[in-house]
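Quick notes on the structure that follows.
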Amino acid sequence: MDTNVNIREAAKTIDALITPSLLLDRGRIERNIQRLAEHARELGVVLRPHMKTAKSIDVARHVFPGEPGPITVSTIAEAEYFAGHGFRDITYAVGMSPASAVRAMELCRRTGADVKLLLDSVDQADALAGVREATGVTPSVFIELDCDDHRGGLKPDDPKLLDVADRIVAAGANLVGVLAHAGESYGLNTPDALVKAAEDERSATVRAAETLRAHGHACPIVSLGSTPTAHFAENLEGVTELRAGVYMFFDLVQHGVGVCRLDDIAISVLATVIGSKPEKGWVLVDAGWMALSRDRGTANQQVDQGYGVVCDEKGRVLEDVIVAQASQEHGIVAIRAGSGKSIPDLPLGARVRILPNHACAMAAQHHFYSVVNGDSPRIEARWERIRGW
């Protein structure tokens, strides 16, 4: 019997939680979900949210309060989990291996789900014939595009684009479209630059789709998105669907980019003060990188947030107070370098909330969310989350 889990299950208020513990603010997540849903409607595109951040059916039900809609996933485990909860239109937005493709098609055969694969090479396209033969399922496939030199994918004008498309068809698979992700947008921080990144992403993706159509490939789906470009896109002509994931929670990286405010960030880790070093200006808490993650995504931004921004127990930001250092189970809370502020009074046993640099990475350290609303200490629900691959 896991005593810790039983105690957490019984907790009705956050002061009864064993720390560190992951909190999710229901009011904030509902506001964030509504914001992008409205923007997608205004732009006339389908929103295909990425569930890699939340990894939770309870979060998905807030995104889709009615019937399950189209989603994106980053692991086959997520695809299996959400298919088990009735989701049928799923894009696996990570480059396929033969083994992952077989596993995805076996899922389609068992559940009737349509799991779309992603590839960018002739070798991957050729492997589809074996996948089809092994599973008896015809794969649906996107060609991944590189719109900003961020990671995998083909350039829109790469001659191999047509070679890959032809080989997909030759392997007996369905080419359903093109897919891009403007990952370089995470390094921007002005509205003009973000608007330009969104337009560059759109024009590159549409151009590739037009090339494929000119050579006889239908290319019905034109899919793009990152959380920054999704929010700053002003025109999505030629695009059919928009993807984003961390927008449900937001985080300090997105705040540094300029996509959200601090009070939009919906998750935090509740931690307890376990000591202090007054001579060093330190307060010690029981949340280290095992609870917060090692992600230091703000280190290259204009404001370095250390391992996370510190709030009081009600979620109010403590100005210039960050987790400056972290070991496995210890966090060192201190004043940001260069600030004239003094460390606030945080006595032994006091509770704080720590906002994430990267919401996906912080959430991945935990098995479930304790759902709260605003500054209320009441725990409204416990939402489980899927882990693994």
Side-chain angles (χ1 to χ4, degrees), residues 48-57 60 68-147 150-154 160-161 163-181 183 208 219-221 223-226 241 243-246 360-361 363-364 385-389:
R48 180 184 291 274
H50 207 317
M51 300 310 299
K52 68 174 184 175
T53 303
K55 296 182 188 257
S56 165
I57 185 59
I71 59 171
T72 314
V73 298
S74 61
T75 69
I76 301 297
E78 290 170 45
E80 292 166 341
Y81 170 77
F82 285 106
H85 286 283
F87 284 81
R88 293 293 177 262
D89 185 355
I90 302 172
T91 293
Y92 173 47
V94 173
M96 56 154 272
S97 68
S100 65
V102 167
R103 186 174 162 196
M105 293 306 98
E106 288 176 342
L107 174 63
C108 295
R109 185 178 59 195
R110 291 196 308 270
T111 65
D114 176 19
V115 180
K116 301 173 186 67
L117 304 174
L118 183 67
L119 56 78
D120 66 355
S121 73
V122 166
D123 289 343
Q124 289 170 307
D126 289 345
L128 294 171
V131 172
R132 184 182 183 190
E133 181 178 354
T135 63
V137 179
T138 300
S140 296
V141 185
F142 283 104
I143 297 177
E144 183 177 11
L145 300 176
D146 175 12
C147 63
H150 175 62
R151 53 186 184 199
L154 298 171
K160 291 193 292 292
L161 179 69
D163 293 338
V164 171
D166 290 342
R167 299 288 272 272
I168 289 170
V169 174
N174 294 324
L175 174 58
V176 296
V178 291
L179 181 151
H181 171 68
C219 198
I221 304 176
S223 179
L224 54 71
S226 68
E241 66 176 34
R243 304 183 328 280
V246 75
C360 308
R385 56 190 318 281
I386 184 67
R387 304 178 80 188
W389 291 267

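At least one side-chain heavy atom of Lys116 sits less than 4.5 Å from a side-chain heavy atom of Ile221. Counting heavy atoms from C-beta on, the side chains of Pro139 and Met105 come closer than 4.5 Å. The shortest distance between side-chain heavy atoms of Val164 and Leu175 does not fall below 4.5 Å. Between Pro70 and Arg243, the closest side-chain pair of non-hydrogen atoms is not below 4.5 Å.
When atom types are taken as modelled, the side chain of Arg88 and the backbone of Asp114 share no donor-acceptor pair closer than 3.5 angstrom. With Asp120 contributing its side chain and Gly153 its backbone, the two residues share a donor-acceptor pair below 3.5 Å. Distance alone, capped at 3.5 Å, is enough to place a donor-acceptor pair between the Arg48 side chain and the Ile71 backbone. Between the side chain of Arg109 and the main chain of Gly136, no donor-acceptor pair closer than 3.5 Å is present. Using a distance-only test at 3.5 Å, with no hydrogens or angles considered, a donor-acceptor pair links the side chain of His181 to the main chain of Gly225.
Considering every non-hydrogen atom in both Ala77 and Gly388, the closest pair reads CB-O, 3.8 Å. Nearest approach of Ala83 to Thr111, heavy atoms of both residues: CB-OG1, 4.2 Å. For the residue pair Pro98 and Val131, the shortest heavy atom distance occurs at O-CG2, 4.1 Å. Residues Arg167 and Ala125 approach most closely at CB-CB, 3.8 Å, considering heavy atoms. For the residue pair Met96 and Ala101, the shortest heavy atom distance occurs at CE-CB, 4.0 Å. Closest non-hydrogen pair, Met51 versus Ser56, comes out as CE-O, 4.1 Å.
Atom OG1 of Thr72 and atom CG of Leu179 lie 7.5 Å apart (nearest 0.5 Å). Leu107 CG to Glu80 CD: the interatomic distance, rounded to the nearest 0.5 Å, is 5.5 Å. The structure places CD1 of Ile76 at 10.5 Å from CD of Glu106, a figure rounded to the nearest 0.5 Å. With values rounded to the nearest 0.5 angstrom, Ser97 atom OG is found 9.5 Å from Leu117 atom CG. Rounded to the nearest 0.5 Å, atoms OG (Ser121) and CD1 (Ile143) are 10.5 Å apart. Interatomic distance, OG1 of Thr75 versus CZ of Arg387, reported as 12.5 Å (0.5 Å rounding).
In summary, of the residues considered (Tyr92, Tyr81, Phe87), a side-chain contact (heavy atoms from CB on, under 4.5 Å) with Val73 occurs for Tyr92 alone. Exactly one of Val178, Ile168, Thr91 qualifies for a side-chain contact (heavy atoms from CB on, under 4.5 Å) with Phe142. That residue is Thr91.
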